[in-house]
Amino acid sequence: MGEVRTDGAAAALLNRVFLSAPFETDGWDRALRELASHTGSARAQLIATGSGPNDVLFNHMTDEPSPRWADELIELGGCEDHINWRTRCLGQPLVVTGEDAYAEARRAIRSDLYDDFVAHYDMPHGCHAVLANEGTLFFALATLRTSKDGTSSHEQRAVFAASLPFANAAIGMQRALAHQGASLLASTFEAMDANVFVCDRRGHVRAMTAAAEKAAAAQSILRFDRGMLSVNRSGADRQFQAALGSILSGDRLMARLWLDGADGPLSGQLCEIYALPVREWDFGFAPRAIVTLRGPAEPDERDRGLLVQMMGLSAAEADIALLAAKGLSRAEIASCRGASTETVNSQLKSLYQKADVRREGQLVALINMLLR
């Protein structure tokens, strides 16, 4: 543990390390370690939650006692104020809450779940403070002390209190940088006149191109409400939300789905969702996915080329395969291509042979698997 300094040197150091944290690779970890050291605490913690206590956007603790400690806390409901006495006595922003308040809150809680968790990981003492509480967004900073560390002294709480304005300012800078990153990403697509939405890890749209804003305002397929995207048709919306969720959770790197328009498949658009690299210290606001929309008439040379190469199709057959994969009927494919239904039927038979399938559903499943 570091020696507690009350002569202003600790405050000056914490000022420097917190305000530089957003700009350095391990800046936040260093700032929290310095906070722990200069308050004589085993650990320091920074947490951000969303609309509910278990909607944890970010939770970092220095010298984590276990790789799964944060998951275990959520699994036992340990972020709820009827279980967690730290949560129960959250105060006003930038006001320090310590062991006296913990003891009082503990007496009002009937559950021993959090006590058992605290005893297991030896973090019974410390202090915390709310940095920001915006209703659907909450940040808190804490020091966590072991039984050996003992309770916080007046001087240690004073050092912790001195760090709060710097930590709060640093969070504001981190959020601004994330927003700027989303805006810069969206701006790169402007020249292409593309429908592109940039989303954070919660699915909130942080930036969009002018074309995407116009498309969302028209509400022909996608709606944009309270920062979130949804699809007009309920069945398609469930499919869209599942695809977006799989990208944001890290289960998939890319998803592609066809969203029908008000007048059926031919008025629909192809929606593609791409994962973006994950940054450890983004607090949930940095860009995590881009959602793109493009119409059925827009050619996709890459997909066409892949089918020609992998399945030995002609360009015309590849076009028909792509339209079938988008959910268009044979009559709609014929209309889209300006051909007769008989011609489309003949070309589909050739497709079946080359793809070694017997039914259209099998062909569509194969194409979607190849182009996933």
Side-chain angles (χ1 to χ4, degrees), residues 18 21-22 28-29 31-32 35 43-62 64-98 101-102 105 109 111 113-114 117-118 121 123 126-144 160 163-179 182 199-206 226-228 244-245 248-250 278-289:
F18 270 112
W28 280 102
D29 187 67
L32 291 176
L35 176 63
R43 306 179 181 99
Q45 179 186 20
L46 179 64
I47 185 169
T49 63
S51 56
N54 290 319
D55 179 20
V56 179
L57 305 178
F58 179 87
N59 192 355
H60 182 82
M61 181 189 296
T62 59
E64 292 182 320
S66 161
R68 291 202 72 253
W69 74 270
D71 294 331
E72 291 175 16
L73 183 64
I74 292 176
E75 288 166 6
L76 63 85
C79 296
E80 301 282 354
D81 61 9
H82 65 280
I83 292 177
N84 186 328
W85 32 265
R86 282 185 167 97
T87 302
R88 190 179 184 91
C89 57
L90 291 173
Q92 294 298 313
L94 307 184
V95 174
V96 178
T97 300
Y102 293 168
I109 292 178
S111 172
L113 288 174
Y114 187 65
F117 177 85
V118 164
Y121 287 122
M123 51 179 75
C127 58
H128 71 258
V130 175
L131 295 176
N133 188 351
E134 302 173 12
T136 59
L137 186 61
F138 175 90
F139 288 92
L141 185 68
T143 57
L144 302 166
F160 179 77
S163 74
L164 298 180
F166 312 135
N168 200 35
I171 285 174
M173 285 192 289
Q174 187 78 63
R175 293 173 65 182
L177 289 171
H179 177 74
C199 300
D200 64 19
R201 64 160 294 200
R202 293 187 294 171
H204 287 157
V205 176
R206 292 293 166 183
R226 299 179 184 178
M228 304 291 285
L244 179 59
L248 297 176
S249 66
V278 177
R279 295 176 56 191
E280 183 180 1
W281 294 94
D282 66 15
F283 299 156
F285 303 109
R288 290 288 293 273

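Since this is a predicted model, take the numbers as computed values, not measurements.
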* **Backbone N/O of Arg201 and side chain of Arg288: donor-acceptor pair under 3.5 Å** => no
* Side chain to side chain, Phe18 and Asn168, heavy atoms closer than 4.5 Å -> no
* To do: Measure the CD1-CG distance between Ile47 and Leu57 for me, rounded to the nearest 0.5 Å.
  => 9.0 Å
* Mind checking whether Cys79 and Thr49 have side chains closer than 4.5 Å, heavy atoms only? -> no
* **Nearest non-hydrogen partners of Phe160 and Thr143, listed with the distance** => CD1-CG2, 3.7 Å
* Check: Trp28 and Pro22 side chains under 4.5 Å, non-hydrogen atoms -> yes
* Asked: Any side-chain heavy atom of Trp69 sitting closer than 4.5 Å to one from Asn59?
  -> yes
* I would like to know whether Val56 and Leu73 meet side chain to side chain contact (heavy atoms under 4.5 Å, CB included); could you show each step before the answer? => CA-CA 11 Å; Val56 179; Leu73 183 64; over 6 Å; no
* Rounded distance (nearest 0.5 Å) linking atom CG of Leu131 with atom CD1 of Ile171 -> 4.5 Å
* Asked: Does CZ in Arg68 sit with more than 12 non-hydrogen atoms of other residues, nucleotides or ligands closer than 6.0 Å?
  -> yes
* For Pro287 and Ala178, work out which heavy atoms get closest and say how close. => CD-O, 3.9 Å
* **Side chain proximity check, His60 to Asp29, heavy atoms < 4.5 angstrom** => yes
* **Inter-residue atom distance Leu144.CG - His128.NE2, 0.5 Å rounding** => 10.5 Å
* **Backbone of Gly78 reached by a side-chain donor or acceptor of Asn84 within 3.5 Å** => yes
* Structure fact -> Heavy atoms of Gly91 and Thr97 approach each other most closely as N-OG1, 4.1 Å
* **Least distance between heavy atoms, Ala167 atom then Leu141 atom** => CB-CD2, 4.0 Å
* Euclidean distance, Phe139 CZ relative to Leu46 CG, rounded to 0.5 Å -> 7.5 Å
* Heavy-atom count around Gln92 CD within 6.0 Å, excluding the residue itself: above 12? -> no
* Under 4.5 Å between any side-chain heavy atoms of Met123 and Pro65, yes or no? -> yes
* Given side chains that start at C-beta, do those of Ile109 and Ile83 come closer than 4.5 Å, heavy atoms only? -> no
* **Cationic N near anionic O, under 4.0 Å, Arg175 to Glu134** => yes
* Asked: Any salt bridge between Arg206 and Asp200, counting N to O under 4.0 Å?
  -> yes
* Interatomic spacing from NE2 in His204 to CZ in Arg226 - rounded to 0.5 Å -> 11.0 Å
* Asked: Cation-pi between Arg86 and Tyr114: NZ/CZ under 6.0 Å from ring centre and within 45° of the ring axis?
  -> no
* Check whether any side-chain N or O of Thr62 sits under 3.5 Å from a backbone N or O of Leu32 as a donor-acceptor pair, and report yes or no. => no
* **Student check: side-chain heavy atoms of Val130 and Leu94 closer than 4.5 Å** => no
* Nearest-0.5 Å distance, OG of residue Ser66 to CE of residue Met61 -> 10.5 Å
